Asks: 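Can you keep this structure in mind? I'll have questions shortly.
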Amino acid sequence: MTGPARIVVVGAGLAGLRTIEELRARGYEDQVTLVGAESRLPYDRPPLSKKVMTGELDDTSLRADLGSLGVDARLAETATGLRPGLLSTDAAEYAFDALVLATGAVPMRLPGPGPQSVLRTLDDALALRARLRPGTRLSVVGAGWIGAELATAAAARGCRVTVVEAAGAPLAAALGPAVGTTTAAWYGQAGVELRLGQKVSSIEHDGIALADGELLAADVVVTAVGVRPAVAWLAGSAIELENGVAVDSRLRTSVEGVYAAGDCASFWSERYGRRLRFEHWDVALHAPEVVAAGLLGGDDVYDPVPYVWSEQFGRMLQYVGWHGDADQLVWRGDPATDRKWAVCWLAAGRLAAAMTVSLPRDLLQARRLIEAGVAVDPVRLADPGVAVRDCAA
Ligand SMILES: Cc1cc2nc3c(=O)[nH]c(=O)nc-3n(C[C@H](O)[C@H](O)[C@H](O)COP(=O)(O)OP(=O)(O)OC[C@H]3O[C@@H](n4cnc5c(N)ncnc54)[C@H](O)[C@@H]3O)c2cc1C
């Protein structure tokens, strides 16, 4: 398969690696250079807040054989600038005929002079885990996906965990307050103190300064308030940025021959008629298929029904779809009493999104209805005794 003679991929995470695997799987035989800021070979991040943090896993390597993939890997090298046909790093310059941006995202930090950990890299995870001993007072800022998973693991390690959240409910940004609030009770059941509606003003040497003047003493503070796409180095280049690298539905940037995928890319979704950016493993896994196809002359469209999962407090949460346009919530089961339940978002009568708690079958069936774009009967959907697939109106 022919394509551009020299392809450079920036970012040696899942999206970067998958791009190269897809190129080779499609028969591309020319030169591929992979530039990655971390010194490690590509590895998986979801276990960092789960099995790595509990101590069940040390190595999350994606087991990529870069040698047999024929990759010129430039690890521990950071891209710093882009000019037409030329990528600059802190160590070298690379001429390219096509470029893939897969630089992921970087955690946000809070103001203040005190030490704050973040959880993005395997090194972050190993360093943090070493400090989480029985009795350690851990304060986590942010009750999002990662804050909840970290609290779960740290409590299991015997730490005294407090989670401080500015919103009135956990997961409020991801799921909205009505659904997020159903997870609040899980914290207390796991022995974790959850403090909602508490704004942090700064991280101090001995803990967290709250906006109301209280100092929350802590041995370890982890800031888990979200990430920003890792695109600062592209400022001033010809690449259009809009909440990350702006790409079209084929994952093409504003510069010909330059693509982007994964956490760093906000793509035009034909399905939802708007630009979206997800920080989901599933996106980094599949979007590179479209990038590779495009690089080799294809015209594939990236138009996923988004999917994300989280393992927290002994439960498997799975979310599929996008509820930005939803106007109705339908509960399947009672979150207050049931160990397994689901909630569905409807938009103009159609199933738009679903979150399941330890109900993978409901999730799969919901995904199919969402993909089909069919209207559903909310009364049947509210009955956990009726299979989700039988709820089409
Ligand atoms: C702790 C944790 C738990 C998670 N759990 C889940 C989960 O349960 N479910 C789920 O769906 N998703 C989860 N995610 C999200 C998922 O891991 C990400 O969506 C995925 O890793 C994105 O892959 P990526 O390749 O786009 O970016 P990344 O994995 O961030 O890789 C990007 C790489 O590019 C490098 N880079 C950045 N800038 C430069 C530069 N200028 N030059 C060179 N290299 C650069 C970075 O160092 C990094 O190695 C989790 C993420 C974290 C951090």
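When reading the values below, keep in mind they use all heavy atoms of this one structure, side chains included, and skip hydrogens, waters and symmetry mates. None of the values given here were measured: they were computed from a predicted structure. Atoms within each ligand, like the ligands themselves, are counted from 1 in listed order.
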Asks: Should D325 and R350 count as an ion pair when the cut-off is N to O under 4.0 Å?
Replies: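 Looking at R350 together with D325, the answer is no, because their closest N to O distance does not fall below 4.0 Å.
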
Asks: I want to confirm something. Looking only at heavy atoms, which of E311, K50, E77 is nearest to atom 8 (O) of ligand 1?
Replies: K50

Asks: List every atom of ligand 1 that sits less than 4.0 Å from any heavy atom of H280, numbering the atoms from 1 in the order shown and giving each element.
Replies: 11 (O), 19 (O)

Asks: For atom 44 (N) of ligand 1, state which one of S310, S49, A37, P229 supplies the nearest heavy atom.
Replies: A37

Asks: What atoms in ligand 1 come closer than 4.0 Å to a heavy atom of G262?
Replies: 26 (O)

Asks: Answer yes if the side chains of E149 and S49 hold a donor-acceptor pair under 3.5 Å, and no otherwise.
Replies: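 On atom types as modelled, these side chains qualify, holding a pair under 3.5 Å.
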
Asks: Which of the atoms of ligand 1 are close to G104, meaning less than 4.0 Å from one of its heavy atoms?
Replies: 26 (O), 27 (O), 28 (P), 30 (O), 32 (C)

Asks: Please list the nearest protein heavy atom to atom 30 (O) of ligand 1 with its residue and the distance rounded to 0.1 Å.
Replies: R120 NH2, 2.6 Å

Asks: In Å and rounded to the nearest 0.5 Å, what is the CE to CZ distance from M108 to R228?
Replies: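 Going from CE on M108 over to CZ on R228, the span is 5.0 Å.
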
Asks: Kindly indicate, with the supporting measurements, whether the criterion salt bridge (charged side-chain N to carboxylate O under 4.0 Å, His left out) is fulfilled by R83 and E93.
Replies: CA-CA 10 Å; R83 279 173 283 156; E93 290 192 328; 2.8 Å; yes

Asks: Show which atoms of ligand 1 fall inside a sub-4.0 Å distance from at least one heavy-atom site of A284.
Replies: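 Result: 22 (C), 23 (O).
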
Asks: Short list, please: which atoms of ligand 1 are under 4.0 Å from a heavy atom of L14?
Replies: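 Under 4.0 Å from L14, ligand 1 has these atoms: 25 (O).
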
Asks: Which is closest to atom 38 (N) of ligand 1 in terms of heavy atoms, T19, L17, T103, L62?
Replies: T103

Asks: Look at atom 48 (C) of ligand 1 and find which of R18, R45, Q312 reaches it with the closest heavy atom.
Replies: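 Residue with the shortest heavy-atom distance to the ligand atom: R45.
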
Asks: Any donor-acceptor pair under 3.5 Å linking the side chain of R275 with the backbone of V247?
Replies: yes

Asks: So, E77 versus Y94: side-chain donor-acceptor pair below 3.5 Å or not?
Replies: yes

Asks: Are E270 and W268 linked by a side-chain donor-acceptor pair shorter than 3.5 Å?
Replies: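 There is no such pair (donor and acceptor under 3.5 Å, judged by atom type) between the side chains of E270 and W268.
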
Asks: Geometry only, no angles: is W281 polar-contacting ligand 1 at N/O separations under 3.5 Å?
Replies: yes

